[in-house]
Structure formats: C-alpha cells, structure tokens
Colleague: 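Below you'll find the structure I mean.
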Amino acid sequence: MTFRAPKGTDDILPPVSRTWRRLLLTWEDWAARYGYELVLTPLFEATEVFARGTGEGTEVVQKQMYTFEDKGGRSLTLRPEGTPSVVRAFLEAGADGILKAAYWGPMFRYERPQAGRRRQFYQIDVEYLGSREAAADAEVIELGYRYLIDASVPGLSVQINSIGDRECRPAYLEVLKEYLESRRDVLCDDSLLRLTTNPMRVLDCKICAPKLSDAPSPVDYLCDACTTHYGEVRSILRELGVPFEATPRLVRGLDYYERTAFEYVATDLKAAQNAVGGGGRYDGLAELLGGRPVPGVGFALGLDRIVLTLGDVEEPNPLDLYIIVTAGRRREALRFTSELRRSGIRADLDVESRSVKAQFRAADRRGAAGALVIGDEWSEGRVVAKDLASGHQEIIRIEEVEAWTRRL
RNA sequence: GUGACCGUAGCUCAGUUUGGUUAGAGCGCCGGGUUGUGGUCCCGGAGGUCGCGGGUUCGAAGCCCGUCGGUCACCCCA
C-alpha cells in the first residue's frame, strides 16, 4: 500500500456507501416536500467570507481553516461550513423575497480526528432566508426532526433555546461577566480565557458548567421582542407535534447566531460527539458580510454522525435479475440486459465470461431475486428463469421475462 | 493544540511474556468437485517489505529510539 487517504478523511465505499445513498435519497425527498430548492455554492470562498461571517472570535476561524493562496495571490479557504456561502450568493445575486435553500456536501476543518469528527466531513444543510417569522424557525426545526426520525436516528432529542439578539444580549453579557468574575476561583484555564473572548461559551464547558448551576441564563434576560419570538417558536412546534426540550444552557459556537438556537442530539450514541445537527437564527449575518439586512434561519446535520448512530447494519444493493451468460451468447445477453434495464428492471451480469457455476454464485451473493440463463433456448425465443429464493426453475418465453420478474 | 492506547494477509485477530531457522488461523476472494445451475459440504489457490527509518544483536514481527498512521478522550463542533 503506497498511498492512504489524508489524515481525517474517509473513503466511503460499499457496503457503507449504500447507507449514505439511502440517506441522501430520503433527504432529497424531505427537502422537496417542504419546498426547499437546490443551491450549490463553491467549496472554497475568499477567506474573508468566513473570517467575517463565521466570526473572527470562533475556534473554527482561528484554528481550523484550510486557507491557501492561489496563483493569483488571493487568499482562499475551503468552506468550514455552508451558511456564509449561501448568504453571500443571495446577496451577490441581488435576490430579494424568500429563498428556501437545501444542499449537502463536504466541509473542511483542521482538527484532531476522533469518532464523529473528521477533517473532511459531510453536512446536510438548510437555509431559510428572508423571513423573521417564528414560523420559519419552526418549519426549519421540524424539517430536520422529521428527516432524522425517518433516517431512524436512535434516541433523538431536539433541544432549543433563545440566546437573545443585538438588543438584549449586551445587557445579559454584562450580568454574565459579573457573575463569572465572582466565580473566577472555580473556572478552568480555558474558561478564564473565554471570559473575555466569548463568555457565553463558559456555560458550555464540561468542567465548569456543573459548578455554575446558579449562573444567569440568556432566556431570563431576553427583550420583549425576543421573548415573544421564542414563545411563538415553541408554541408552533407544539402545534406541529415536534417534541423538544427547552435547554436554557444551550449555546452555539458560531458568532452569528441570535434568538433561536437548537441542536439535534443522539442521546443513545456513546461517542462524545453526539450532536447530530444544530442550527439557529442569524439575522445579522448578511450585514456582517457587508450586505443589506437579510434575516435567516437554518441548520446543519452531520451526515457522518448520522451514519455513526445507525451502527453497523449492512444494507443490500437491490437487484431484481442476474443474467447468466453462456458460451456463444455473450452479445445476446448484453443486448437483452440492456433492454431489461431500460424497462425499469434492476439487472446485472458478469462480463468476465466465467463459468455458469461462478455466475450463479455471484447472483446469490448479490442477493438477486431471480437468475436468467441466456443459452441454447435463446434460438427458440426462450430462456431459463430461476427463482433464487425457492430454487424453482422454468423455461419461459423472452416476452414473458418482464412479467415473470415482477412476480418475484 | 494536549493526553492515553494501538499498528502482523482485503477484514478480525494469534504469534511478542522467556529475541532463534520456512510468520499462522478464521472470514472474505478466486478456482475445482457438476465441461448449463447458487446458498451447505469437501479440495485447492492467490494474497504479507510483520506501518516506515535507524539502532542493539551471531540472529528482530518481538528489545531501544525516532517517525508516520489509526483509535479514543480533552478541546471544538455537524
């Protein structure tokens, strides 16, 4: 073995890739049902898009970006997340009104790999741009929930919170800082640093949080507008039948979030990285990128993590018919297989001219429902058709093959 | 960025304790047993620079150092 995939990246091959394919197909279905349209943006952007969008203060921007200079001297960065790109694209297109965007693809962050944390990882994303309404928040949260349930993620819990907006957060931060100053003695080194850079994140610290149970929560300092918004989001979610847990200590790691913040947690997952998705409202992001105000709310789901929660169940590569080629009938077999495929039957064959025995074995391993022998009977317009589950075999006319297959 | 554990066949692992001659098993893969018939069974085959580099030694998969990689946790987040 000479080359390996770079550290923290994965090759996704069968049979595991079958699960990925299924997850992506069902995702396309759910996105379409909720009226979200495909939006594709570049995998890299001007570094500034993330520096200003994702936020200079975030760990992601400070330590985790794959940044490089191209031959024209531009500083570019492989996207560590998708939201700033979509907002940038919306602004660049001069779009107005509402855009409901759905997409999926690889994201890149330079980190030490572990279970559920890769350097190239895959997200399923949704952005609802152009509305400040709580109904938009609720719809986005509902869509993610319905999809994850359909994907059968075990032990799913939806946790939501409101972290205030530009009106009320500054006052809350003052109160929080004051409180944290008074508890300096119990804070860990990291939290002492965060006290000045991003005090809300201290509430997220695994070491300190248990000792700070009496810390002020953002929800208790919301302005009237935020309180109303948060109340509406919750009441609509109840109306829609989406179970959730109000989690006052939930805080997000990206700077642009305000008001609604939420996470999808796979509580059954033993790995430390059990947040299978997360998101929130980002009404200020467009302005951070130098554009006009465009409100928005969205989520990102970690595909790799979803797959992780599903365990090692192997999915089949469904096949209706395996075509068995005998000596001298190769051309006929190729042509007939093509006809079957065009009529909607999942058919495959062996191009290696191996023994009939080997081909039957292959048919069995592929889990094909039936096998067809293209042999001497072909000259009379007939083929041997074998039901591989029962072992029953008969000679049928070529025109009957399609109907015979559908009965299997 | 910090720490712990681990690298032997495609996969899962034995062999390292006490260095000793040709490095093993199961599964998987390919072929034969039926020159047109799968799953079970029997037989055979392919496949390994023992992660890589250096050192100690008459001799290293095994001991020492380094390095790369993997896994998990911290941190961070999807």
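Fair warning: this is a prediction, and the values are worked out from it, not measured in the lab. First the proteins, then the strands, lettered A, B, ... as listed; each starts at 1.
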Colleague: Can you tell me if Asp70(A) uses its side chain to pair, donor with acceptor, with the backbone of Arg74(A) under 3.5 Å?
Modeller: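 Here the side-chain-to-backbone pair exists.
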Colleague: What's the gap between rA25(B) and rG47(B) when it is taken at their C1' atoms, as a whole Å value?
Modeller: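 Result for the C1' pair: 15 Å, nearest Å.
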Colleague: For Ala358(A), report the nucleic acid contact type (base, sugar-phosphate, nothing); a contact means any heavy atom under 4.0 Å.
Modeller: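 Sugar-phosphate contact only - Ala358(A) comes under 4.0 Å of backbone atoms but never of a base.
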Colleague: Can you check whether any acceptor in the base of rG36(B) is under 3.5 Å from a donor in the side chain of Glu377(A), or vice versa?
Modeller: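 Yes, the side chain and the base share a sub-3.5 Å donor-acceptor pair.
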Colleague: In whole Å, measure the gap between the C1' atoms of rA4(B) and rG44(B) for me.
Modeller: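 My reading of the C1' atoms in rA4(B) and rG44(B) gives 46 Å.
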Colleague: Within this structure, what is the CD-to-C1' distance between Glu380(A) and rG36(B), rounded to whole angstrom?
Modeller: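 Whole-Å distance recorded here is 14 Å.
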Colleague: Answer with base, sugar-phosphate or nothing: what part of the nucleic acid does Glu81(A) contact at a heavy-atom distance below 4.0 Å?
Modeller: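 Answer is nothing: Glu81(A) stays at 4.0 Å or more from every strand.
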Colleague: Which side-chain hydrogen bond (donor to acceptor under 3.5 Å, both in side chains) pairs, counting each pair once, include a residue from residues 358-367 of chain A, with sequence neighbours left out?
Modeller: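 Sorted pair list: Asp348(A)-Arg366(A).
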Colleague: For Asp255(A), which residues count as a side-chain hydrogen bond (donor to acceptor under 3.5 Å, both in side chains) partner, sequence neighbours excluded?
Modeller: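 Applying side-chain hydrogen bond (donor to acceptor under 3.5 Å, both in side chains) to Asp255(A) gives none.
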Colleague: Rounding to an integer number of angstrom, what distance separates rG19(B) and rA61(B) when you compare their P atoms?
Modeller: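 It works out to 14 Å between them.
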Colleague: How far does the P atom of rC30(B) sit from the matching atom of rA73(B), given to the nearest Å?
Modeller: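 After rounding to an integer number of Å, I get 37 Å for this pair.
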Colleague: How far does the P atom of rA46(B) sit from the matching atom of rG54(B), given to the nearest Å?
Modeller: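 It works out to 31 Å between them.
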Colleague: Taking atom types as they are modelled, would you say the side chain of Arg305(A) forms a donor-acceptor pair with the base of rC77(B) within the 3.5 Å cutoff?
Modeller: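 By the distance-only test, yes, there is a pair.
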Colleague: What I want to check is whether an N or O donor and acceptor connect the side chain of Lys386(A) with the base of rG36(B) at under 3.5 Å.
Modeller: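 Counting by modelled atom types and ignoring angles, no donor-acceptor contact under 3.5 Å is found here.
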Colleague: What is the distance from atom CZ of Arg119(A) to atom OH of Tyr66(A), rounded to the nearest 0.5 Å?
Modeller: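 Result: 4.5 Å between the selected atoms.
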Colleague: Are any of Arg112(A)'s side-chain N or O atoms less than 4.0 Å away from OP1 or OP2 of rA4(B)?
Modeller: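 No, because none of the side-chain N or O atoms of Arg112(A) sits under 4.0 Å from OP1 or OP2 of rA4(B).
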Colleague: Using whole Å, what does the distance between atom P of nucleotide rC77(B) and atom CG of Leu250(A) come to?
Modeller: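 Checked: the CG to P distance equals 12 Å.
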Colleague: Given atom CD of Gln359(A) and atom P of rG32(B), what is their separation to the nearest angstrom?
Modeller: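 Rounded to whole Å, this separation is 11 Å.
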Colleague: Contact class for Arg354(A) (heavy atom, under 4.0 Å): base, sugar-phosphate, or nothing?
Modeller: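 The residue Arg354(A) makes sugar-phosphate contact but no base contact.
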Colleague: When rounded to the nearest Å, what value does the distance between P atoms of rC65(B) and rU22(B) take?
Modeller: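 Approximately 28 Å lies between the P atom of rC65(B) and that of rU22(B).
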Colleague: Please measure how far the P atom in rG10(B) lies from the corresponding atom in rU49(B), and state the result in whole Å.
Modeller: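 Result for the P pair: 8 Å, nearest Å.
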Colleague: For nucleotides rA78(B) and rG53(B), find the distance between their C1' atoms and express it as a whole number of Å.
Modeller: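 Roughly 39 Å separates the two C1' atoms.
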Colleague: Taking the six-membered ring for Trp and the single ring otherwise, decide whether the centroids of Phe262(A) and Tyr264(A) are under 6.0 Å apart.
Modeller: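 Yes.
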